[in-house]
Amino acid sequence: MQDYLKGLNDNQRQAVTTTEGPLMIVAGAGSGKTKVLTTRIAHLMANGVDAFNILALTFTNKAAAEMKERIGHILGTGEARNLYIGTFHSVFARILRGEAHRLGYPNSFTIYDTDDAKSVIKTVVQELNLDVQHYKPNACYNRISSAKNALVGPAEYANDYHIQQEDMRANRPMMGQIYMAYAKRCFKNGAMDFDDLLIKMYELLKSFPEALHKYQHKFKYILIDEYQDTNPAQYEIIKLLGAAHENVCVVGDDAQSIYSFRGATIQNILQFQNDYDDVKVIKLEQNYRSTPNILNVANEIIKNNKGQIPKTLFTDQPSGDNIKLVRTQSDNDEGKFVSDSIMEQKLRNHYTNKEFAILYRTNAQSRSFEESLRRANIPYTIFGGISFYQRKEIKDYIAYLRLIVNPQDEEALKRIINYPVRGIGKTTIDKAILYANDQSISMWQVLESAAYHGFKAGTLQAIDEFVTMIKSFHSMLGNKNAYDIAFHVGKQTGFVKELFNDKSTEGVQRYENVQELLNSIKEFIETPSNEESGEVGDKSLSAYLQQITLLTDSDQKDPNADTVKLMTIHAAKGLEYPVVYVGGLEEGLFPSGMSINTREELEEERRLFYVAITRAKKKLFLTYANTRYKFGSLTQNEPSRFIDEMPQDLLDRSYAGGGLKNQSSGWGSGSAFDRMRKTAPEPKTERTFVSAVAAGAVKGKEVTHTPSANFVPSDPAQLQEGMRVEHQKFGFGAVVKLEGSAHNPVATIKFDQNGEKKIMLNYAKLMIVNA
DNA sequence: ACGTCGATCATTTTT
DNA sequence: TGATCGACGT
């Protein structure tokens with residue numbers, strides 16, 4: 001039974017068997033962190049700890065799933081199923097589902113993703129009569145999100161002098177009000193955004209002692225993965241949960257802290273030892289992943305940062321290749337180099353597709369790699385970008401399901417109230433929202449009682465039909481499963497058919513996506529017991545909806561497929577590949593131009609580079625381009641400062657990859673330039689962004705007409721063929737023909753300067769000049 | 001009421 | 001470059 005301890009080194013074994021009391025495991029890259037975590041949990045269980053009493057929090061669903069699977073493997077029983085393993089967000093969402101009523105939320109609360117949240121922000125900004133251009137939803141969202149991650153509520157936000165000053169300086173004095181209105185609206189909608197899942201969990205534990213007591217005693221052993229990426233909200237929650245038993249085990253690597261933009265603070269891991277009385281610290285420094293050359297480069301790079309937990313990675317592997325540094329002429333050449341190089345490596349060293357990864361700083365960089373891989377017929381998978389559930393047709397479908405489960409969800413309601421088109425237009429929607437705000441009821445309640453709100457007869461009928469339909473769906477919740485309901489909704493609303501009838505390429509794709517959604521729902525209800533965490537599987541539609549919002553793109557694609565993997569460095573955290581390409585090592589891009597203003601920012605960029613390097617097991621290629629397209633215009637970039645920070649004797653700058661066919665494409669000359677740089681390095685502060693394309697506004701409209709001073713629209717009923725008329729935009733012309741029905745008359749008019757046009761008389765304004 | 005078109009604008013990273 | 005948004009025509 002103790003076999004599982006055999007494959008561990010001394011430190012690892014100690015980390016596994018030190019089960020009681022607070023423990024910090026500082027796990028360098030590739031030091032077997034996951035192995036330690038999983039073995040530790042298995043060890044706990046082997047020594048009589050009930051799976052139900054163990055909580056393990058990770059940052060990605062992928063990591064959680066992998067851990068659960070490995071533990072199950074070690075144990076050889078189904079007991080692992082009862083563990084509470086998941087991301088912070090998904091575990092808390094699950095707990096909150098059972099406790100939401102305490103906080104005044106419906107138990108089937110909606111989870112708003114970033115798009116939903118921004119949309120709500122836009123709404124409240126408009127309702128506060130503020131300029132959306134100035135109070136950009138994106139910026140507001142980020143600001144509010146940071147506040148939430150620091151556990152600063154709306155009231156506190158509005159009263160904080162320091163925050164006020166900041167907002168004044170940013171010329172956004174109304175941020176506090178926006179935050180307040182946003183929080184209120186989410187609550188009214190029965191919805192939580194991602195950050196709320198943390199905040200509300202904290203509130204729950206803080207304000208309800210019996211809830212705190214319940215979960216403190218449920219979770220006797222707590223493990224936190226990637227502790228360096230936790231934010232203050234997460235920190236406080238862990239503090240509360242762990243207070244009773246203090247069996248808190250955190251695992252992390254301060255050198256890999258890369259999520260401060262999301263509110264994570266590296267202080268959590270640096271200060272952990274001060275949080276409890278008797279913290280044990282175990283360092284895992286032996287690396288089992290990379291060659292010494294790769295490790296040395298990583299170690300040297302990270303030395304440029306201050307305030308580390310001291311540690312040095314070592315390995316007993318043979319030294320391996322040098323790191324290849326390749327300069328190309330353009331971003332397209334960079335892509336071409338990488339795909340050529342992959343071809344070469346496959347031939348020469350018999351690598352398979354899935355042994356390669358291409359990493360980059362920003363998602364936008366994927367394009368050139370994608371193109372070259374496609375041309376070279378190398379199969380690839382891109383992780384990141386928009387996930388399946390962000391696609392319009394999927395969001396529309398889900399909006400129906402959301403509305404059925406939670407009619408207070410105004411975002412969902414607005415999304416589908418007129419999709420497919422059923423004659424409930426903007427005017428009506430605005431009116432309904434106005435009533436709702438006025439009377440402090442939900443938009444849905446307004447629609448339910450539409451008859452009392454003075455809508456026109458036709459609109460009223462459309463509303464009534466819509467309300468009746470949603471209610472009929474709602475009544476299915478009790479006796480039909482999630483799949484049956486979803487299928488019925490798609491059929492009844494007619495929009496699946498509408499997609500089916502669209503035979504364009506995109507239309508076909510959209511239809512297929514919708515079918516895939518239905519399949520996923522079916523799979524959800526058919527999966528025996530749940531994957532998420534302990535307890536009885538909840539197969540309700542509501543449970544399904546809450547789960548999918550927390551899925552990312554990476555969770556939906558198969559990491560084991562035999563394809564080259566493309567992703568941002570952030571997304572690559574925790575992964576490893578035999579051959580790794582890191583692209584775009586240029587000033588302004590990596591380090592990002594957004595993150596070079598403070599030491600802290602720059603150090604995070606450097607940690608990111610460290611993460612990138614340490615993904616590689618055998619071979620590492622770093623590339624950068626002279627010129628690159630950015631927002632459609634050509635920019636020139638200096639090589640990244642990080643290049644100079646690497647030990648130059650471990651770099652191979654002469655590598656030309658591919659074969660001679662590449663020499664013509666321009667990047668072969670790079671090494672000469674590089675050698676020059678080496679003797680006379682450029683000043684590091686200089687970055688150049690040269691826009692090669694001048695912005696040119698080209699006007700090429702039709703002949704425009706300025707209406708006469710005495711222009712007064714005539715009654716369309718007076719119009720007859722042959723009359724001479726004036727149109728506000730098109731100028732003078734003659735009526736050629738009158739047609740259309742009585743309530744929708746259409747006139748064909750031949751204009752002197754703009755040719756013949758059909759004019760709908762209900763909307764266009766015409767003046768009769770003479771009969 | 002609704003779709004189309006052109007102007008505008010933004011891009012760091014993500015649960 | 002590409003996505004989004006308001007104006008405007010129908």
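Distances from the side chain of A:Asn363 to the nucleotides B:dT12, B:dC2, B:dT14 place B:dT14 closest. Side-chain atoms of A:Asn138 lie closest to B:dT11 of the nucleotides B:dT13, B:dA1, B:dT11. Considering only the side chain of A:Tyr141, B:dT15 comes nearest among B:dT15, C:dT1, B:dT14. Relative to the side chain of A:Ala364, the nucleotides B:dT12, B:dA1, B:dT11 differ in distance, and B:dT11 lies closest. Checking C:dT1, B:dT11, C:dC5 against every side-chain atom of A:Arg367, the shortest atom distance belongs to C:dT1. Minimum atom distance to the side chain of A:Thr87 is reached by B:dT15, of the listed B:dA1, B:dT15, B:dT12. Nearest to the side-chain atoms of A:Arg361 among the listed nucleotides B:dC2, B:dT14, B:dT12 stands B:dT12. Among the nucleotides B:dA1, B:dT15, B:dA10, the one closest to the side chain of A:Thr114 is B:dT15. In the set B:dA1, C:dT1, B:dT13, the nucleotide with an atom closest to the side chain of A:Phe631 is C:dT1.
Along DNA chain B, the nucleotide closest to A:Gly423 and the one closest to A:Glu604 are compared, and the more 5′ of them pairs with A:Gly423. Both A:Phe194 and A:Glu605 sit near DNA chain B, but only A:Glu605 has its closest nucleotide nearer the 5' end.
Between the P atom of B:dT13 and the CG atom of A:Leu589 lies a distance of 10 Å, rounded to the nearest Å. Distance OH (A:Tyr419) to P (B:dG3): 11 Å, rounded to an integer number of Å. One atom, CZ of A:Arg615, and another, C1' of B:dT13, lie 15 Å apart when rounded to the nearest Å. Per the geometry, CD belonging to A:Gln390 stands 16 Å off C1' belonging to C:dG2, to the nearest Å. In this structure, OH of A:Tyr360 is placed 9 Å from P of B:dT14, rounded to the nearest angstrom. What separates CG of A:Leu602 from C1' of B:dT12 is a distance of 14 Å, to the nearest Å. Whole-Å rounding puts the A:Asp229 CG to B:dT13 C1' distance at 11 Å. Atom CD1 in A:Ile596 sits roughly 12 Å away from atom C1' in B:dT12 (whole-Å rounding).
Between A:Lys136 and B:dA10, a side-chain N or O to OP1/OP2 separation shorter than 4.0 Å is present. The side chain of A:Lys122 places an N or O atom within less than 4.0 Å of a non-bridging phosphate oxygen (OP1 or OP2) of C:dC5. Between A:Thr568 and B:dT14, a side-chain N or O to OP1/OP2 separation shorter than 4.0 Å is present. Between A:Thr552 and the phosphate of B:dT15, there is a side-chain N or O to OP1/OP2 separation shorter than 4.0 Å.
Residue-nucleotide stacking is not present for A:Phe261 and B:dT14, judged by a side-chain ring centre under 5.5 Å from the six-membered base ring centre and planes under 30° apart.
Within 4.0 Å of A:Phe59, counting heavy atoms only, lie sugar-phosphate atoms of the nucleic acid but no base atom. When heavy atoms are screened at a 4.0 angstrom cut-off, A:Thr427 is found touching the sugar-phosphate backbone but no base atom. Looking at heavy-atom distances under 4.0 Å, A:Lys118 makes no contact with the nucleic acid at all. Residue A:Lys62 is classed as having no contact, given no heavy-atom separation below 4.0 Å to the nucleic acid. Backbone-only engagement by A:Asn418 is indicated by non-hydrogen atom pairs under 4.0 Å involving sugar-phosphate atoms exclusively. Across all strands shown, A:Tyr259 has heavy atoms under 4.0 Å from sugar-phosphate atoms exclusively, and none from any base.
A side-chain donor-acceptor contact under 3.5 Å links A:Asp193 and A:Tyr182. When only modelled atom types and interatomic distance are considered, A:Ser368 and A:Asp331 share no side-chain donor-acceptor pair under 3.5 Å.
For A:Tyr360, there are no ring pair (Phe, Tyr, Trp, His ring centres under 6.0 Å) partners, not counting sequence neighbours. By the ring pair (Phe, Tyr, Trp, His ring centres under 6.0 Å) test, A:Phe466 pairs with no residue at all, sequence neighbours left out.
Using P as the reference atom, C:dT4 and B:dT13 are 15 Å apart when rounded to the nearest Å.
At distances below 3.5 Å, not a single donor-acceptor pair connects side-chain atoms of A:Asn149 with backbone N or O atoms of A:Pro232.
Taking the six-membered ring for Trp and thresholds of 30 and 60 degrees, A:Tyr259 and A:Phe261 have ring planes inclined between 30 and 60 degrees apart.
A salt bridge links A:Lys395 with A:Asp116; the closest basic N to acidic carboxylate O contact falls under 4.0 Å.
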